[in-house]
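Quick note on labels: first sequence line is chain A, next is B, and so on, each numbered from 1. Heavy-atom basis, side chains included; hydrogens, waters and symmetry copies ignored.
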Number of protein chains: 2
Amino acid sequence: MTMTPEEINRTVSQLLDQAPGRSTRARESVLNILLSAPTALNHHNIEEVAKQRDLSIDRVTLYRTLDWLVEQGVAHRIASVNRSWYFSAVAQPDMEPHAHFHCKKCQQIYCLEDVQAAPMHNLPKEYQLEEADLCLQGQCVTCNRDANG
Amino acid sequence: MTMTPEEINRTVSQLLDQAPGRSTRARESVLNILLSAPTALNHHNIEEVAKQRDLSIDRVTLYRTLDWLVEQGVAHRIASVNRSWYFSAVAQPDMEPHAHFHCKKCQQIYCLEDVQAAPMHNLPKEYQLEEADLCLQGQCVTCNRDANG
DNA sequence: TGTAAAGTGCAACTATGTTACAGTTTATCC
DNA sequence: GGATAAACTGTAACATAGTTGCACTTTACA
Ligand SMILES: [Mn+2]
Ligand SMILES: [Mn+2]
Ligand SMILES: [Zn+2]
Ligand SMILES: [Zn+2]
């Protein structure tokens, strides 16, 4: 990741143009915020960033916007231990299912695009598996570095 | 599992006697309900079962009781996709961390005591891993059987 | 530029979980 | 058995995350 603001703008336009639906200020802002973030964000986080950028997005509109972005495959939704959904942009359309890491210290949620849930061996075959979410917890790179110098 | 009601009663007394705290009606009832259930239950489920058994447990007491059971290692708490916590009894004190299966059809949550999250290979070593929750989704044994005859 | 459909904002609502505090029950000691 | 202190419970009020209905505004497109 780590795109420049111009690259982000270009990606936002491109992704929204491809989607069957209107390109609106809310959708542009939210997608821009998601693409700019190094970690996944929940509704509260997004509202905060929007406020910092002097954008005001209605709470309900934000819910609907995020649902729409997920439906379009432009963002993905991550369940977290703190009872709120987190969202992260999907810049490439071929993004694979991957593990997520929740840092217990800074509470950030990282997409680990290179870590996948291993194929299950002793899952009884009568269970029809459709999805496997691997949710890791511990201390993240940054917090670890801060602690160990 | 599949204990008889008498076995469940015996186990309840035994587990509560070992725990440092009082043996109360709420704790007995809730632990009994958890031990009787084939799947994990959330607060709402437990209240329903309690009602069926003509027990009335206050909502707040139920929250506190479940927290206490988890602290004592007598129950474990499972995060779910539907923003509510599920609970399942821990009959043996040596129960290992294990995967959970959420059936998208009947919404039940199963403890798969024989399925563990595989050791992570390509997790960057700067992440300090403390816990790995593996949350499977799909169709459960029962729903599968009902569908396929 | 006018229009219909899509999207937004507001208010009111639901679900899940928490806190404070007064009242009740339990275990323990005499 | 009865007194006592600590542990537990019930009630009310609150917090947070998310949903619904409906009127209003904006967008895309002819
Ligand atoms: Mn992700
Ligand atoms: Mn379990
Ligand atoms: Zn961290
Ligand atoms: Zn099922």
Side-chain angles (χ1 to χ4, degrees), chain A residues 12-33 40-51 54-72 74-88 102 107 109, chain B residues 12-13 15-33 40-51 54-72 74-87 102 107 109:
Chain A
V12 167
S13 310
Q14 201 175 315
L15 289 173
L16 292 184
D17 283 354
Q18 285 165 12
R22 295 180 182 171
S23 190
T24 68
R25 202 179 61 92
R27 290 173 183 177
E28 283 170 19
S29 313
V30 174
L31 186 49
N32 194 307
I33 289 172
L41 304 177
N42 66 11
H43 282 76
H44 184 67
N45 300 149
I46 296 172
E47 280 185 315
E48 278 185 334
V49 177
K51 218 172 277 172
D54 280 317
L55 302 165
S56 93
I57 303 168
D58 176 74
R59 227 166 60 84
V60 178
T61 301
L62 179 51
Y63 277 101
R64 290 193 279 229
T65 300
L66 285 166
D67 285 350
W68 184 85
L69 290 173
V70 171
E71 273 167 31
Q72 302 311 314
V74 165
H76 69 287
R77 181 195 314 254
I78 306 156
S80 83
V81 286
N82 73 351
R83 308 183 358 92
S84 74
W85 293 104
Y86 281 73
F87 297 84
S88 173
H102 172 102
Q107 306 300 324
I109 293 186
Chain B
V12 167
S13 310
L15 289 174
L16 291 184
D17 284 353
Q18 285 164 12
R22 296 182 181 168
S23 191
T24 67
R25 204 180 61 92
R27 291 174 182 176
E28 282 170 19
S29 313
V30 173
L31 186 49
N32 194 308
I33 289 172
L41 304 177
N42 65 11
H43 282 76
H44 184 66
N45 300 149
I46 296 172
E47 280 184 316
E48 278 184 334
V49 177
K51 217 172 279 173
D54 280 318
L55 303 164
S56 94
I57 303 168
D58 175 75
R59 229 166 58 84
V60 177
T61 301
L62 179 51
Y63 278 102
R64 291 194 280 227
T65 301
L66 286 166
D67 285 351
W68 184 85
L69 291 173
V70 170
E71 272 166 31
Q72 302 311 314
V74 165
H76 68 287
R77 180 197 313 256
I78 307 156
S80 83
V81 288
N82 72 354
R83 302 182 7 89
S84 74
W85 293 103
Y86 281 71
F87 296 84
H102 172 102
Q107 306 300 324
I109 292 186

Problem - Check against side-chain contact (heavy atoms from CB on, under 4.5 Å), Val81(B) and His102(B) - result: CA-CA 9 Å; Val81(B) 288; His102(B) 172 102; 3.9 Å; yes
Atom pairs under 3.5 Å: protein N/O with N/O of nucleotides 21-24 of chain C:
none

Provide a list of protein-nucleic acid N or O atom pairs under 3.5 angstrom, restricted to nucleotides 25-27 of chain C.
from	atom 1	to	atom 2	distance (Å)
dT26(C)	O2	Arg22(B)	NH1	3.1
dT26(C)	O2	Arg22(B)	NH2	3.2

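Counting all heavy atoms, side chain and backbone alike, Leu69(A) lies closest to Leu31(A) at CD1-N, 4.3 Å. Heavy atoms only, all atoms of each residue included: Leu55(A) and Arg25(A) are closest at CD2-NH1, 3.6 Å. Nearest heavy atoms, Ala19(B) versus Gln72(B): CB-OE1, 3.9 Å. Arg27(B) approaches Arg22(B) most closely through the heavy-atom pair NH1-O, 2.9 Å. The heavy-atom pair separating Ile57(A) from Ser29(A) by the smallest distance is CD1-CB, 4.2 Å. Taking both residues in full, the closest heavy atoms of Ala40(B) and Asn45(B) are given as O-OD1, 4.4 Å, listed atom of the first, atom of the second, then distance.
Atom CG of Leu41(B) and atom C1' of dT16(C) are 16 Å apart (whole Å). Atom P of nucleotide dA15(C) and atom CD of Glu48(B) are separated by 12 Å, given to the nearest angstrom. In this entry the distance linking CG of Leu62(B) with P of dT18(C) reads 12 Å, nearest Å. In this structure, Ile57(A) atom CD1 and dT8(C) atom P are separated by 10 Å, rounded to whole Å. In this structure, CG of Leu16(B) is placed 15 Å from C1' of dA7(D), rounded to the nearest angstrom. The distance between atom CG of Leu31(B) and atom P of dC8(D), rounded to the nearest whole Å, is 15 Å. In this structure, Asp58(A) atom CG and dT8(C) atom P are separated by 10 Å, rounded to whole Å. Here dT18(C) presents its C1' atom at 15 Å from CH2 of Trp85(B), a figure rounded to the nearest Å.
In this structure, the nucleotide among dT9(D), dG18(D), dG9(C) sitting nearest to the side chain of Tyr63(A) is dG18(D).
In this structure a side-chain-to-backbone donor-acceptor pair under 3.5 Å is missing from Arg77(B) to Trp85(B).
Comparing Val60(B) and Arg27(B) against DNA chain D, the residue whose closest nucleotide sits nearer the 5' end is Arg27(B).
Side-chain N/O atoms of Arg59(B) and base N/O atoms of dG17(C) include a donor-acceptor pair closer than 3.5 Å. For a distance-only test at 3.5 Å, the side chain of Arg83(B) fails to qualify as a donor-acceptor partner of the base of dG18(D).
Within 4.0 Å (heavy atoms only), His44(B) reaches no atom of the nucleic acid at all.
Atom CD1 of residue Ile46(A) and atom CG of residue Asn42(A) lie 7.0 Å apart, to the nearest 0.5 angstrom.
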